[in-house]
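Structure record follows, encoded as structure tokens.
Numbers restart at 1 for each chain; the letters A, B, ... are given by sequence-line order, proteins then strands. These figures come from a predicted structure and were not determined experimentally. What's counted below: heavy atoms across the whole structure, side chains too, no hydrogens, waters or symmetry copies.
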Number of protein chains: 2
Amino acid sequence: MNAPRPHLSISAVERDTGLGKDTLRAWERRYGFPSPARDDCGERLYPAEQVDRLRLIKRLIDQGHRPGRLVGVADADLVQLAARGTAATGTAASCVEGCAAPATAGLSDGQASGLAPLIERALTHIRAHDLPALQQTLNQALLRQGVGRFVIDTVGPLSVAVGEAWMRGEIEVFEEHLYTEQIKTLLRQSLSALPGMGAAPRVLLTTLPDELHTLGLLMVQSLLALEGATCIPLGAQTPLFDIRLAAQAHAADIVALSFSASFPSRQVAPLVSQLRGMLPPHVELWIGGGGAERARAAVAAAATGNASDGQGIRILPSLDSALQALEVWRSARG
Amino acid sequence: MNAPRPHLSISAVERDTGLGKDTLRAWERRYGFPSPARDDCGERLYPAEQVDRLRLIKRLIDQGHRPGRLVGVADADLVQLAARGTAATGTAASCVEGCAAPATAGLSDGQASGLAPLIERALTHIRAHDLPALQQTLNQALLRQGVGRFVIDTVGPLSVAVGEAWMRGEIEVFEEHLYTEQIKTLLRQSLSALPGMGAAPRVLLTTLPDELHTLGLLMVQSLLALEGATCIPLGAQTPLFDIRLAAQAHAADIVALSFSASFPSRQVAPLVSQLRGMLPPHVELWIGGGGAERARAAVAAAATGNASDGQGIRILPSLDSALQALEVWRSARG
DNA sequence: TGGTTTGTTTGTCATGGACAAAACAGAACG
DNA sequence: CGTTCTGTTTTGTCCATGACAAACAAACCA
């Protein structure tokens, strides 16, 4: 008994897909897709299936594909492409590390059933909407592995697996949402049990405006707090200028940002550079998340600008690397 | 030593103010404000002060003022206007209840120092960036008052007070962020300590795409969970269609949505109506938050459509009313 | 093989016109 | 005096088209 899925206006599609109005109109003009119907006033009405397709395409673009190549592809092939993982075409390979979460590197193949049994089990519970079972499974894993390993070996890969399952159409958005909420709750919970406050680097964690995903941030916070660092979480969407103010006010040693793969790619490097310029030189800038690699250009810019290498910007391609960075920081200072 | 605050592009302004590109251009055309400079390519560059003004104006509009009246007003008067609170002009009064948080009604004047001492103290700590003190104050209040009263009497009014202080320029965005994070942590923490699961209504909590504020949702969740209700939190930004799926999958009795004052007003009623139409009739729809009043039109529409009163849509103008709604629901059923 | 140059692709911005829904103001009416 | 009903203004959003710079791919040369 499927509801008849009504058509969407252009602004609704913008919300649901993350593709701007201008982009949607440009694609229509150039590629002939999407090809929305029109209402009485001549305004676009996008059929639901086209919106689904747009969502999928958006996700593929975030992985390094390009629109021109995708619009012509048949739906089936598109799904298959999505299942395969990150695009391997040309230079886009630079994005690979950024998209895959840390520990996944060990698992050669994301979609074969070679996943860790724990992750398999969690996925099953998610699909079955069995909240209690999911909670129990995760809680058990947390207790068995400890926070550190749990974050690195379980949460990371599981999040990737969920994302990939979504791409394959095996998991609905709301299931992903629910999973995310559960993990957040769990991490916050164990976080609040930590001794808290005190030691060495004071880390300010946040995302820039337009970036809503804070799960990665929370994972890093868990790891750092576990090592005794003092974390100051600002939540999502802190304007650049306020980050500078906050860093000053809280005497932060490090500002940690997270960029997801869906963050507008073009803006990453400029924004990071700008922020770098605004912060006091002794404050380090750590960049993580699926879109972190895109900040490479900013590192280069900062390097030339300061006549020194990678001056104060550090890209964290994995969760492990956050811990390494922490070690480095500590050994470099008192 | 203020940094020279660079100019912003139109998309940056859109992000920072919440005003759409089209709107920004339309205002410029019609009112002559903002009046951005242009770069070499003819693209708009907004000076920082104009962006500040835009932010303020946006907030005033969310409170019921109208752009045409505001653009001409001097900056000082604007701030004064902001400090005074909600617009009292004409019919806009209907918005009053929606913007003010529950318990504030008792406090006749938000800006006079007539605030509860507890709230005064918390505000002081926020302004001083004294995280430990803030945590301690809040924790103490939580323990003394219990979750229920803490949420209704402290968190609600305090959040309003923080918002108003921001309007008066007494509090920075990042301070508001930090405060919000702290409260969220606290609530989640006490939430995780609740027996959990089980009793009567199964409530699905989320916001629609474009609505990021989940604090209100968390407050309601705390209250409902305290009364034994089963809460299923989906976090923010669940697409309409997925809400329907989730409601089915989790056999929800109630779907609770939250709209902040900054949610695009025009969309509230249509969206709520649409969702109402998609959900099974026996599932109730509860609407809360600063922008909830705007859903009144949807209630009316649902009423005429169903030839029955307020069919299945309930607007919660305050936190208390959530508890009342719960009672009503329970006494109406088994 | 590695670096540079030359087309292409692609997102975003600008202009100017249009329109419908909402907000308002004022008249008419009970 | 308060309410309901109009006509008018305000306001956000949409449309079409054109333009351009940055990112990319591919051909090219050393």
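In this view, Arg66(B) satisfies the salt bridge (charged side-chain N to carboxylate O under 4.0 Å, His left out) rule with no residue, not counting sequence neighbours. Every residue was checked against the salt bridge (charged side-chain N to carboxylate O under 4.0 Å, His left out) condition with Arg15(A), not counting sequence neighbours, and none meets it. Every side chain to side chain donor-acceptor pair (under 3.5 Å) that Glu284(B) has, sequence neighbours left out, goes to Trp286(B). Residues that satisfy the salt bridge (charged side-chain N to carboxylate O under 4.0 Å, His left out) test with Asp22(B), not counting sequence neighbours, are absent from this structure. Glu14(B) pairs by the salt bridge (charged side-chain N to carboxylate O under 4.0 Å, His left out) definition with Lys21(B), not counting sequence neighbours. The side-chain contact (heavy atoms from CB on, under 4.5 Å) check on Asp75(A) picks up Arg53(A), with sequence neighbours excluded.
As rounded to whole Å, 13 Å separates atom P of dA23(D) from atom CZ of Arg294(A). Taking atom CG of residue Leu70(B) and atom P of nucleotide dA23(C), one finds them 15 Å apart after rounding to whole Å. Atom pair His65(B):NE2 and dC24(C):C1' shows a separation of 16 Å (rounding to whole Å applied).
Within the structure, every pair that satisfies the salt bridge (Lys or Arg N to Asp or Glu O under 4.0 Å) test and touches residues 29-38 of chain B, not counting sequence neighbours, is listed here: Glu28(B)-Arg38(B).
For Arg59(A) and Asp62(A), the salt-bridge test fails: no basic side-chain N is under 4.0 Å from an acidic carboxylate O.
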- [ ] Encode nucleotides 8-19 of chain C as B, S and - characters from 5' to 3', where the letter depends on protein heavy atoms closer than 4.0 Å: B to the base, S only to sugar-phosphate, - to neither.
- [x] -SBBBBSBBBB-
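From one end of the helix from dT1(C)-dA30(D) to dG30(C)-dC1(D) to the other, with five pairs defining each end axis, the axis direction shifts by 30° (rounded to 10°).
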